[in-house]
**Student:** 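Questions regarding the structure given below will be posed in turn.
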Protein chains: 2
Amino acid sequence: MDADSDAKVGFRPLYVQVREELKRHLSSGRWQPGAMLPSEHELARELGVSQGTVRKALDELTADRILVRRQGRGTFVAEFEESRILFQFFRLRPNAGERLFPVSRIRRRPSGPATATEGAALRIEPGTKVWRIARQRLHGPNVILWETIAVPADRFAGFEDVAEFPNIYQLYAHRWGITITSASEQLRAVSADKTDADELGCPVGSPLLRIERVAFDINKVPVEYRDSRCRTDQMYYSSDLT
Amino acid sequence: MDADSDAKVGFRPLYVQVREELKRHLSSGRWQPGAMLPSEHELARELGVSQGTVRKALDELTADRILVRRQGRGTFVAEFEESRILFQFFRLRPNAGERLFPVSRIRRRPSGPATATEGAALRIEPGTKVWRIARQRLHGPNVILWETIAVPADRFAGFEDVAEFPNIYQLYAHRWGITITSASEQLRAVSADKTDADELGCPVGSPLLRIERVAFDINKVPVEYRDSRCRTDQMYYSSDLT
DNA sequence: CAGTGGTCTAGACCACGTA
DNA sequence: ACGTGGTCTAGACCACTGT
């Protein structure tokens, strides 16, 4: 880790190089989710930089929720605990009452060649094989949304016969070593068609919130596309502008 | 600025105290939007702390978009330029084509006592007077949403006769010294009623995106409640989960 | 008590913008 | 050339956690 290694061309601060080096270790699997990293001083010694520089790199990875730091304990690779999913990736909240973890119920697995939309979202050629799962999600006893999830088949070997799972992003991490760190959503109001009405138990023509999501891994590569239709009579979508 | 001033009780890091001190200067109007702050070294001397500590405080205020820093130029109080509004507070984007600044057209001013919803959102007693403006917003020639904005009358003296304005948050800042720094939105899909249909030029019963927003000032005090109904045939709402 | 992250300092040097 | 923010260092000390 030499400060002058790319001095003239571009100029990348040392801490950026450290951050990218740590990211490489993370995506290569040197440190698994939940594992504790070496201490700041130890990393600084390993990499030949000062402790303050390592700290700046670790702070940025913490801001991206890739790491979790706990004073007195250490620095850990972030996991997909229930609470994180509930707050970071599931934006539907009940109008009143307790927030619950959304239980899911698989309905179909209509895998096949990628549509134009899926291809564009996942940056793969349309026609490339994708695995798909169609499922309902429940808040207590009520179906609040149904959605189709599509992932590129080549990055998810064996996806076609996964059983029910409590948390799909945890599954991505444990089974395929793919960590979802961010997502981008597009929201629209649409009218329920026949399928929507069947899945959600609402009248045809009632207003639904349609959410299209593209989820990205640690390297900002898109790895999942999902299309959800939500009832918003008992729930709302929460968005914070900061 | 004494590091030991509240040693036993709680413990607040020095940089937090510096940050709050700077915030006080900002909300008291010592530094107006667009103004340049003293340099890091000068602030450090003024406050009797090291430059690194000032830097940490400034970095946090920059992360909250309260300040803007430009290498080689200085540190400035953030303003509501068009681009900032367009990206930070206006989340509707066209399905295709250029992103435009949403022109607004005032329709009515139905001011009066706060409803229960407004009171809860603005943390004031229901029945307290609020100013309201109902307006349409346009993307090019098309009306894409209409909304009602409510603000507490006591913090916005003279609001009842403001003319058209290009940007309402800029108006809040310049006329009342109130800077909006964050907002929280609740989204639902609803059916267009008669009023919606008239304002938006769409059929009664067509699906609309309803957005309820509470906007906060620099001290996290709610200062505005707005209720918008949006057509999402040509536009979508963009949400980033990070 | 030992080990971890968190804060704070003082000073050096670099990159950027402007004059 | 100068002043600004940005990076980097080395070292000290504090706060928190578990043994």
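In the text below, chain A, chain B and the rest are named by the order of the sequence lines, each starting its count at 1.
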**Student:** Hey, mind stepping through A:W176 and A:F156 against ring-ring contact (aromatic ring centres under 6.0 Å, His included) and telling me if it holds?
**Tutor:** CA-CA 7 Å; A:W176 293 282; A:F156 288 85; 5.2 Å; yes
**Student:** Round to the nearest Å and state the distance from B:R19 atom CZ to C:dG6 atom P.
**Tutor:**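 So the CZ-P distance, B:R19 to C:dG6, works out to 15 Å.
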**Student:** Would you mind reading off the distance between A:E42 atom CD and C:dT4 atom C1', rounded to a whole angstrom?
**Tutor:**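 From A:E42 CD to C:dT4 C1': 11 Å.
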**Student:** Taking the side chain from A:T62 and the backbone from A:L58, do they hold a donor-acceptor pair closer than 3.5 Å?
**Tutor:**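 Answer holds: yes.
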**Student:** In terms of heavy-atom contacts, does CD of B:E164 have more than 12 from other residues, nucleotides or ligands at under 6.0 Å?
**Tutor:**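 Buried by this count: over 12 neighbours within 6.0 Å.
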**Student:** Can you give each donor-acceptor pair under 3.5 Å made by side-chain atoms of residues 86-93 of chain A, sequence neighbours left out, with the distance rounded to 0.1 Å?
**Tutor:**
| unit_1 | atom_1 | unit_2 | atom_2 | d |
| --- | --- | --- | --- | --- |
| A:Q88 | OE1 | A:R84 | NE | 2.7 |
| A:Q88 | OE1 | A:R84 | NH2 | 3.3 |
| A:Q88 | NE2 | B:T242 | O | 3.2 |
| A:R91 | NE | A:S238 | O | 3.0 |
| A:R91 | NH1 | A:F87 | O | 2.7 |
| A:R91 | NH2 | A:S238 | O | 3.3 |
| A:R93 | NH1 | A:F90 | O | 3.2 |

**Student:** Can you list, in residue-number order, the parts of residues 51-60 of chain A that come under 4.0 Å of DNA chain D, counting heavy atoms only?
**Tutor:**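 Of all residues in residues 51-60 of chain A, the ones placing a heavy atom under 4.0 Å from DNA chain D are A:T53, A:K56.
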**Student:** Please report the distance, rounded to the nearest Å, between CG in B:L47 and P in C:dT9.
**Tutor:**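 About 11 Å, once rounded to whole Å.
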**Student:** What's the CD-C1' distance between B:E40 and C:dA15, to the nearest Å?
**Tutor:**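 B:E40 atom CD is separated from C:dA15 atom C1' by 14 Å.
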**Student:** With A:D59, which residues qualify under salt bridge (Lys or Arg N to Asp or Glu O under 4.0 Å), at least two apart?
**Tutor:**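 Listed in chain order: A:R69.
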**Student:** Mind jotting down which residue pairs meet the ring-ring contact (aromatic ring centres under 6.0 Å, His included) criterion with at least one end in residues 27-82 of chain B? Sequence neighbours excluded, please.
**Tutor:**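 Those involving residues 27-82 of chain B are B:H25-B:W31.
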**Student:** Can you figure out which of C:dC8, D:dT9, C:dT4 approaches the side chain of A:L14 most closely?
**Tutor:**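 The listed nucleotide nearest to A:L14's side chain is D:dT9.
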**Student:** Heavy atom of residues 62-79 of chain A under 4.0 Å from DNA chain C: which residues?
**Tutor:**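 Listed by number, they are A:R69, A:R70, A:Q71, A:G72, A:R73, A:G74, A:T75.
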**Student:** What is the distance from NE2 of B:H41 to P of C:dA12, rounded to the nearest Å?
**Tutor:**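 After rounding, the reported distance stands at 11 Å.
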**Student:** Check each of B:I149, B:I124, B:V151 against B:V130 using the side-chain contact (heavy atoms from CB on, under 4.5 Å) test, and report the only one that passes.
**Tutor:**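 Only one option passes, and that is B:I124.
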**Student:** Please enumerate all residues that pass ring-ring contact (aromatic ring centres under 6.0 Å, His included) together with A:Y225, with sequence neighbours excluded.
**Tutor:**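 Scan of A:Y225 (ring-ring contact (aromatic ring centres under 6.0 Å, His included), adjacent residues dropped) gives none.
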**Student:** Ignoring hydrogens and angles, tell me if any N or O in the side chain of A:Q17 forms a donor-acceptor pair with the backbone of A:R12 under 3.5 Å.
**Tutor:**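 Yes; judged by distance alone, with no hydrogens or angles, the pair exists.
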**Student:** Just how far, in rounded Å, is P of C:dC8 from CZ of B:R12?
**Tutor:**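 Between P of C:dC8 and CZ of B:R12: 12 Å.
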**Student:** Could you state the CG-C1' distance from A:L37 to C:dG5, rounded to the nearest angstrom?
**Tutor:**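 It works out to 13 Å between those atoms.
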**Student:** What is the distance, rounded to the nearest whole Å, between atom OH of A:Y15 and atom C1' of C:dA15?
**Tutor:**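 Rounding to the nearest Å, OH of A:Y15 and C1' of C:dA15 are 13 Å apart.
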